[in-house]
Every structure is written in C-alpha cells, then in structure tokens.
Amino acid sequence: MLFFRKTESDNGRSENYDFFAPTGAADNASFLLLCNKSYNCVTACPYEAIRVKRTEENSPFYGYPVIEPRTKPCYFCVDFPCIKACDSGALKEINIRRQTRKAFIDTNRCFAYNEFVCQTCFINCPETGAIFFNEENQPIINSELCTGCGICVHACLKEEPAINIKTH
Amino acid sequence: MAFSRREFIKSSAAATAAASIGVNLLSGSKNNLFADEANTWHKSVCRFCGVGCGVMIQKKNGKVTAIKGDKENTINNGHLCVKGFYLHKIIQAKSRLLHPMVKKNGEFEQVTWDEALTTVANKFNEIRKNHGPDSLAFYGSGQAETEETYMANKLFKGCIGTNNVEGNPRLCMASAVGGYLTSFGKDEPIGTYEDIEKTDLFLLIGSNTAEAHPILFERIVRHRNKNPHVKIIIIDPRKTPTDQVADLHIFPKPGWDLEILHAMAHILIKEGYADEDFVNKHTVIKGNDKDFTWDEYKAFLETYTPEKAAKTSSVDAEGIIKAARMFGQAKTAMSMWTMGINQRVRGVWANNLIHNLHLITGKLGVPGSDSFSLTGQPNACGGVREGGGLCHLLPGHRLVAKPEHREQVAKVWGVPVENIQPTPGKHTVAMFEALNSGEIKGLYVMCTNPAQSLPNASKYWKGLKDQFVVVAESFFPTATTEYADVVLPAAFWSEKEGVYGCTERRSQYMEKVTEPKEEARWDAFILRDLGKTMGFEKYFEKYNTAEDMWSEYISLTEGSDMDLSGATYNRLKKERGLVWPVPSESHPGTYKRFTDGDPLYDALPADKKAGRRMYFYGKPDGKAVIWVRPAKGPEEPTDAEYPIALTTGRVLEHWHTLTMTGTVPELNRAVPKCYVEIHPKDAENKGIKNKDQVIVETRRGRLQLEARVIDRPIPGTIFIPWHWEEWMANVLTIDAVDPGSKEPEYKVCAAKITKA
C-alpha cells in the first residue's frame, strides 16, 4: 500500500494531505527497503515535487522522499530525471507501468456530485480519457488510463481535495 | 459520512434546514452539522457571467458566510459553478478598497469622502469650463447594476452634456447588438433559455460554453443525455472542454469562418432545406449596397461552395456539408455564440450570417429554434444595452440621434433637452485614443479595469497616466488604479441592492445583505453625490433609494419593445426575475418576441399579421433582413514574419482581470499562472517542450510565459488566457475595430513564438 492518510486533527479537518512514493517505486515495502535516502531524486526533480517527508514522525515514510500532490504533483517528465538520479534501485522506469496508484473521487465532497458545475480535474488532467463525465455531468475516473500523477488532486477546487490518489 | 448528501436531503423533511446543512457538508466541516438559527438566506444573482444564475446568500453574524444555488430560479435550478461558490471569500478579500484616496505627489493618501468628491467635482468642473463638456468621459461596465449605469448616464449625458459615455460591453457585446439590429430590427434574442430544453440541434460557434457559461453547458448536456437524437455542432478553432459533447467539430483558422457560414447557407438552399414560404413572407434580402432577390441571393451563394470555404478556412468540405445537412434536417435548431464571433473586425457580419441560417430555414420564432447570443457579463444586457450606457444610446433602447428620444428622456430626467447632445460620443477605442491625444482630459472609470482589458493595452496607458482619471472600484490595486488620480471605494456585490439583466432578457433583483465594508459606498450614490457636488443638486435630489432610480428607469421603457413597466421592485423582490416585455404588473413576461404571446405583436392590427407567424416590428413592413455580406478574413492575417495566429480566452476558474477570482486561494491553486497553449506539431517545429518558457511576440508587444504543449489549439494557432496582469495578454492583441459595432478584434492577430 503506497497510500497513507493522516488522522484528522483536533479541529475536525485533516491538516496534512495525502502523499505517495515517487514515481518509479515498485511498492511501499520495497521502496522503503531499497531507498538509501540519498535524496538524489529530490535534487533531480525539476518541479520540486519530490520532497523529504518531515512531518508525522511515526510514519514509516518519515525521512523518505515522497510526493505530496496537493503541494506539487508528479508531471511525468519524459526523461524521468528522478529515476536516472536514483542509485539505490528504489525507483525504476520499469515499475511505472506496474504501479497501481489511481485517482479516486470522494463523491460526498466533490462539487460536481453536489449540484455545482465543476470540471477542473477533467480540464487539468493531462491524460485524455482518464477522467470523463457521466450523464449527470459528474466526473468518473478511468483506472485503465489514470497514471496517478496527482495533478487533479493539486487542482481540485475544494478547500480539501475531493479527489485523491489511492492504490487498488 | 455514512450517507450521501442527496440521500440526506431525501430523508429530511425540513427542506430549508437540509439546504443549509448541505452547504455545511460541502465545505467539508463536521462540526456545524445543524443549521444555526441565526443564519438567514437572501435571494440574489451571481456576480460573474451573463447567464444570471440565481444564488442564495447566507448571512451570519452580519457577514456573508456561504453561497448556494437558488433552487427556485428557472435558469440554474439550484446549480452553480465554482466561481459562484467562492463569492463569499471575495467579499472578505484583503484587496478590498475601503477608503477614498487621492494621489498627492505620486502617492495615494487616504482622504475623507467630502474631500475626494470635492477634488473630483472641482477638477471636472474646471475641465468642463476650460475645454468644454466633451473633454470629459465616463467608462462604465456590464457588471454595474442598471441603477448605477442609469445614474452615470444622467450625470454625463443629461447634466454635464457629453455623450462620451461608454462601457466595457463595447468590447464584448457590441457586434451582437449590431447583428440583432441589422437583421431583426430590435436588440436582444428572440427566445429565452427555455429553448435549450426544446431544441433538436445546437450550433455552438465561437463559444467555449463549458468554461465560459458552465450552467448553460450543463443544461445543454442534460438535455442531450435525455434525448439522444439531439445533435451538437461546434465551430471553433480550438478543442475546448465543450468538445466532449460534440457530434461534429469544424476547426476553422481563426477569423475565417464567414465563408463556412455562407457555404452552409449554400448547401441548405441547394439541398432544399430552405423554407421559401417563410423567406417570402417574413424577410427581405439586402446586400451592402443593393437589394437582392431570392434568385440573386442563390447566385451569390453559388460562389461560396463548401470546397472553396474549406480551402480558405483550411477545414474539410465534408464537415461543412454535414453540418449544413444536420442543421437542415433538425426540426428545430438553436445557435449560440460568444466572443469568438463578436470580437472580430467583421463581428456584425458574422452575426448576420448566423441569423441568415435561421431565416432561410424558418428556424426562428418557434419553441426550440433561436439565434441566441450569449453575454459575457452579468448586466451587459440589462444595464448597458437596455439602460443605454453606450455613446449613441439613451435608456430604453433609445438613440441620442433621435430628437423625440432626447425629449422623452430629458423630460423624465428633469433636465433641459439641450443638455443631451444629438451626436454620438466617442466609442471605447476612440475614447482612449482621445485620452492619449489629450482631447479628453478627465475620465471616470466605474467597476472595470481598462488598463488591462483594452486591446493593445500598453498603447493606452499614456493617456491614463497623463489625464485626470477617477476610478471607482471595489478592489485595490488594479492595473487601472495605478494610473488613477482619485480612487473611490465602491460597495461590492451583496452590499448594495439593484437589478441585473441577463442574456435571456430577464431582469432579476439583488438584495442588499450587509452594509458596505468600512467607507465603501454604492456606485449610484457616489455618482449622485458627485453630481450634487458639481452643482447639479436639483437634478439629483429625488434619488434616495435604489427603487427611486429603478422606478424612474422603468417609466422610460413604457410602451417600448423592452417594456419593463410591470417589473416593479415590489414584484422583482418576490419573483425570480421577469423576461421583458412585461407591460403590466399582472403580465407574466414574454417567452418569444415578434410572435404570438409578445404583447407588442398581439397589439398589431390584424391585417399586418395576416398570413404570417412573425412580425419584426423594428423593421419596415415587419420583415427581417437576410444580409448578403461578402466574406472577409481577419484584420491581421498570418504572414511569413508572424506565422502563427494568436487567440485569447478564458478559463473556468477565473474571470476577467482577476480582481475577484484572484483573491480566492482555491481558484488560484487550480490555475495559478498564465500559459500559452501550443499544438504538439508546432511545438516540435520550434523545439518547444511542455512547461518551457517561451516568448510570444506580435507587432504590438511581447510576453514571456510558460508553454503548455497540448492538442487543444489547431496547428498554426496558439491560445493564451487573458486574466493575469503579470502576463497581460492584451499587450499582444490588436485594437482594430469592427466598422459597424466598433468592437475590437481580440480574437485574432498574427504572432510568433520562440523559445525564451
């Protein structure tokens, strides 16, 4: 499971947003096992999307490089400088096709499922067809096409995103 | 949450309580599950586009705390787009202008209202005395309430005595006005939004409905999903989010679609889709310099074959033929367009050619058939087109050039008729040119941001800098306040009452929910008080409330084609807007004009109506005009030096110059900065990669921004959203105007793009 969610804080809202391991990680266990915390991928990421996790000391990811899509999503560079920079084998290009993280919509909170007209995730999604609309004009994720990049999470117009990246 | 919001509402008996709970759920908060009794909900209209969605404003502890859709409103049935949802955040924005300020030694200093108004009044009086009334000008807005524009009109046209009264609808709607007037004789659409649910075919041309008018798009999609036989044709040089529903998309080169419309008419007539009976009884055919017969018109169209049109606009001839057949075969058809048609040097002609399709097939005046122009601003129709906020107009679709119109208006205003000049003032672009040359020395800007929104904007900064400029605004700073000598804090939406008139001729009342923040004042009162300070006390004494102004205004519409005399405040406060003509308080409003049910049509003598189903009472013999307009391309076609066509537009999350939506963190997060969309083929040729910094250059300016390589624009075209002051797309656009409507050609100019 590559997906973690912080427990909701005292005021009833979750303060920290969801995160996932950098693109190219096979799965949670092997990523944590293989990553040598060289932070080469953090340095290499041109978007500064890969960051070192410095919150939640109890999280197994504490101190490891992660992507927090609400802050910066993965833009899927053509040449994957993060993977090229990785010398531990934690990130491999071959894993990209295998990874199972996908976007999921929280229909309780999504604008489009609650009588507002909103297409922001659809408009921002770089993968044609990964998000489409049903008859009620509500977005639906096509898991076959979704790359789990998190751009939709970043763009979501809710104060707290109504769309999140999870693993199957 | 164990239940979805819909289930909860279903299970809840108290509808009102459920609605407010719904909003609390929406904001993701758990604690306020149960409605606070102190909440009150107030009826209003969305502040953004011209669709005119009804909203309910939640007030709690003297503050606006939430916005939701008004379920009783027929336009949006409780739905809203995301811009509307965050309106309450805009009211509390840190960038609100709260005190009047006067520029002293190049710095703004806070002053009292008295001092600010006296400064403006003295300066305006001095300019008027030394240089004549025509050296003063007013530049208003399609976002101002009808009452505000009405006050400005009276002050400038009726008291100061200049017709230099313009507004930003000149930049957005003027060509549609020209199109309606020349084709049908009276401004504004024949039908209403009701046609959306009745039509069999939509022709969307030059409109990104999904992003610019989301609620109408939603209605279109809903109607199509329920009725699979409904077809949607899109003619647009860019693949927009609207495309997800297209049955047929024609991608013409920007600015070359007039020939496509002619070619469609060609096919419609050639293949027998024309309704010759309707044409004979209801229309005349006119060219720019002579009248045409039906056969001559057919001969003219012979030269516009789909193949030729396909070649000039670089599309597929098959597509044009298919579009024409779909249009002809559909029982009813509804055309919709926005800026892609209006903001062109041949905007009026393009409008005429769309009307032609409806006239030759008789797809007009029946439920489901209409030639329907969409408005960009909430009150461009209501305040400026109807209220007469342009240099050649007077309230109630009147013209300054007509002596009887001037007399009627002067009588109601209580001003000497000689005060109203018989010649039209300067249109927007000419006005700002005159400001540059010093011919105009004093300008009052209300509720708009011309320093950013004018075409070829940088050219006009000189005039704004040199001359005396007063800006009445709710936000500070904007691109325009930078050049202002005096800034006046204006009350924002929900802090004032008034009327907005939307695209479908519907006038809707907006309640005042809270007091204006700090020292902000209602624009209409600022203008009234300015008038008083300038020495026109007796003309402005009678206006103490918004209702005083509205009642006087609707008395001016009595008996006209846009009769609002039945739309009193009393009634508007209760109802969800009224569609004019509404001649009496018991009249329900009019669905279709020029036909049965229109009070003006019904009042016509029987012999005029004999044998026909429509009577265009704005035209001689009640006959609409099929215009024979030769096709023409853009003012600045692409060439070897500037090989790529630049077009500008909007995104869903933002609105105009960002003074409002730029203050909402959630909207900024979704679209934080400007970009230029470029087709992958063009990008490859230029060696541009996604997210590269590029320089876009036209003959007027250059701009560095981020490239977005995406297959949305067609090859040979780039697209820039125009919202940001930092990346001001309007330093690139061309200020050539349509000779008829004087609307600038924002939508097409030649550019080149290089890697930075």
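First the proteins, then the strands, lettered A, B, ... as listed; each starts at 1.
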[atom1] of [X] to [atom2] of [Y]: how many Å apart, nearest 0.5 Å?
X        : Y        : atom1 : atom2 : answer
B:Glu211 : A:Thr120 : CD    : OG1   : 8.5 Å
B:Asn225 : A:Asn134 : CG    : CG    : 8.5 Å
B:Leu80  : A:Cys118 : CG    : SG    : 12.0 Å

Looking only at non-hydrogen atoms, find the nearest pair between [X] and [Y] and report the distance.
X        : Y        : result
B:Val82  : A:Phe111 : CG1-CD1, 3.4 Å
B:Ala670 : A:Ala155 : CB-O, 3.2 Å
A:Val117 : B:Ile215 : CG2-CD1, 3.5 Å

**OP:** Begin from the C-alpha positions of A:Lys158 and B:Glu666 and carry the test side chain to side chain contact (heavy atoms under 4.5 Å, CB included) through to its verdict.
**Re:** CA-CA 7 Å; A:Lys158 291 296 292 189; B:Glu666 286 77 14; over 6 Å; no
Original post:
Non-hydrogen atoms of chain B under 4.5 Å away: do they reach the side chain of A:Phe132, the backbone, both or neither?
Top reply: neither
**OP:** Can you tell which part of A:Cys77 gets under 4.5 Å to a heavy atom of chain B, answering side chain, backbone, both or neither?
**Re:** neither
Original post:
Is a donor on one side and an acceptor on the other found under 3.5 Å between the side chain of B:Tyr86 and the backbone of A:Leu157?
Top reply: yes
Original post:
Got a donor-acceptor contact below 3.5 angstrom from the B:Arg669 side chain to the A:Arg70 backbone?
Top reply: yes
**OP:** For chain A, find which of B:Glu653, B:Arg224, B:Lys83, B:Arg222 contributes the most heavy-atom pairs closer than 4.5 angstrom.
**Re:**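 Top option by heavy-atom pairs under 4.5 Å: B:Glu653.
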Original post:
Of all of B:Gly84, B:Pro665, B:Gly69, B:Pro241, which one pairs up most often with chain A through heavy atoms under 4.5 Å apart?
Top reply: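 Greatest number of close heavy-atom pairs with chain A: B:Pro241.
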State whether the number of non-hydrogen atoms from other residues, nucleotides or ligands found under 6.0 Å of [X] atom [atom1] is greater than 12.
X        : atom1 : value
A:Arg54  : CZ    : yes
B:Gln693 : CD    : yes
A:Lys92  : NZ    : no

**OP:** State, yes or no, whether a side-chain contact exists between B:Arg712 and A:Ile123 at a heavy-atom distance under 4.5 Å.
**Re:** yes
Original post:
Given side chains that start at C-beta, do those of A:Phe133 and B:Gln244 come closer than 4.5 Å, heavy atoms only?
Top reply: yes
Original post:
Given that the side chain runs from C-beta out, which part of B:Glu218 has a heavy atom under 4.5 Å from chain A: side chain, backbone, both or neither?
Top reply: both
Subject >> Trace of the salt bridge (charged side-chain N to carboxylate O under 4.0 Å, His left out) decision for B:Lys68 with A:Glu115 >> reply: CA-CA 9 Å; B:Lys68 66 171 181 177; A:Glu115 312 214 319; over 6 Å; no
